[in-house]
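What follows is a single structure, and I will ask about it in a moment.
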Amino acid sequence: MLEKDIDRVFFSAEELQDRVRELGARITKDYEGKDPLFVGVLKGSFVFMADLMRAVDLYCDIDFMAVSSYGSGTTTTGAVKINKDLTYNVEGRHIILIEDILDSGVTLSYLKKYIEARKPASIRICTLLDKPARRKADISADYVGFECPDAFIVGYGLDYAERYRNLPYIGVLKSEIYA
Ligand code: IMP
Ligand code: MG
């Protein structure tokens with residue numbers, strides 16, 4: 001049913017699974033003995049995070065934050081509103097911030113500073129997708145699934161108007177859907 005709205009598949013379910021397994025293996029190696037805390041940025045990261053965690057063979061736990069950015073349409077003020085805060089004390093913990101996509105970088109640079117102020121032992125960013133062409137904030141990810149072109153994509157957690165998060169692959173919508 002959803003497939004009829006998709007113009008082109010960017011990353012198939014198999015490609016996503018293979019890459020997520022590679023990232024999980026790297027994190028498993030890098031965090032041996034460190035019991036990392038994964039902090040997912042809702043809502044977009046939830047599918048990626050669920051698969052990534054199952055590819056990590058370590059003692060670890062998870063928390064979530066939900067944010068929205070102020071500013072309308074194309075103008076972002078750089079301010080981020082926290083709709084759901086951390087439930088854990090992150091002091092002394094090794095934090096891995098999990099995002100679906102690093103776009104302007106405004107959200108993640110704000111969240112990184114916000115968590116850093118709470119004195120974690122370390123903080124790294126893991127994003128499934130990176131759109132470096134659109135970066136405004138001075139931030140880069142430590143773990144990147146794929147670099148992706150400057151197109152609006154949906155699926156595997158990513159939405160358009162809250163829809164298509166449940167697509168098992170990532171693709172571009174037909175232009176008439178945005179109209
Ligand atoms: P930014 O890096 O602060 O600009 O915001 C990143 C957020 O914008 C992501 O968490 C997504 O929710 C959203 N986003 C950016 N690009 C896309 C896209 O191509 N499809 C769906 N959501 C996107
Ligand atoms: Mg998001």
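These values consider heavy atoms only, across backbone and side chains, with no hydrogens, waters or symmetry-generated copies. Just follow the structure's listing: the first ligand is 1, and inside any ligand the first atom is 1.
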Margin query: Can you name the atoms of ligand 1, numbered from 1 with element, that are less than 4.0 Å from a heavy atom of A151?
Written below: 19 (O)

Item checked: Minimum non-hydrogen distance to atom 1 (P) of ligand 1, winning option of G157, S109, S104 -> S104

Check: Of all the atoms in ligand 1, which lie at a distance below 4.0 Å from a heavy atom belonging to E99?
Finding: 10 (O)

Checklist line | G44 touching ligand 1 at heavy-atom level, < 4.0 angstrom | finding: no

Note to self: With heavy-atom distances below 4.0 Å as the criterion, list the atoms of ligand 1 near D159.
What the structure shows: 21 (C)

Item checked: Residue list, salt bridge (Lys or Arg N to Asp or Glu O under 4.0 Å) with D7, at least two apart or on another chain -> none

Check: Closer than 4.0 angstrom: is that true for some heavy atom of V154 and an atom of ligand 1?
Finding: no

Note to self: Assess, by modelled atom type and distance only, whether the side chains of N83 and S68 contain a donor and an acceptor separated by less than 3.5 Å.
What the structure shows: yes

Notebook entry, point to check: Taking the six-membered ring of F10 as reference, does the NZ or CZ atom of R8 fall below 6.0 Å from its centre and within a 45° cone about the axis?
Noted result: no

Next item on the list: Could you name the option among L129, T107, I101 that has the heavy atom nearest to atom 5 (O) of ligand 1?
Entry: T107

Margin query: Show the nearest heavy-atom pair for residues T107 and E99, with the distance to one decimal.
Written below: CG2-OE2, 4.1 Å

Next item on the list: Tell me whether the centres of the aromatic rings in Y156 and Y169 are closer together than 6.0 Å.
Entry: no

Notebook entry, point to check: Under a heavy-atom criterion of less than 4.0 Å, does K131 contact ligand 1?
Noted result: yes

Check: What part of L158, side chain, backbone, both or neither, has a heavy atom within less than 4.0 angstrom of ligand 1?
Finding: side chain

Margin query: Are the side chains of D130 and L102 in contact, using a 4.5 Å heavy-atom criterion?
Written below: yes

Note to self: Quick check on D100 - does any of its heavy atoms sit under 4.0 Å from an atom of ligand 1?
What the structure shows: yes

Next item on the list: Check whether any side-chain heavy atom of I125 sits under 4.5 Å from a side-chain heavy atom of Y143, and report yes or no.
Entry: no

Check: Of all the heavy atoms in C148, does at least one lie under 4.0 Å from an atom in ligand 1?
Finding: no

Item checked: Minimal non-hydrogen separation, V80 against V67, with atom names -> CG1-CB, 3.6 Å

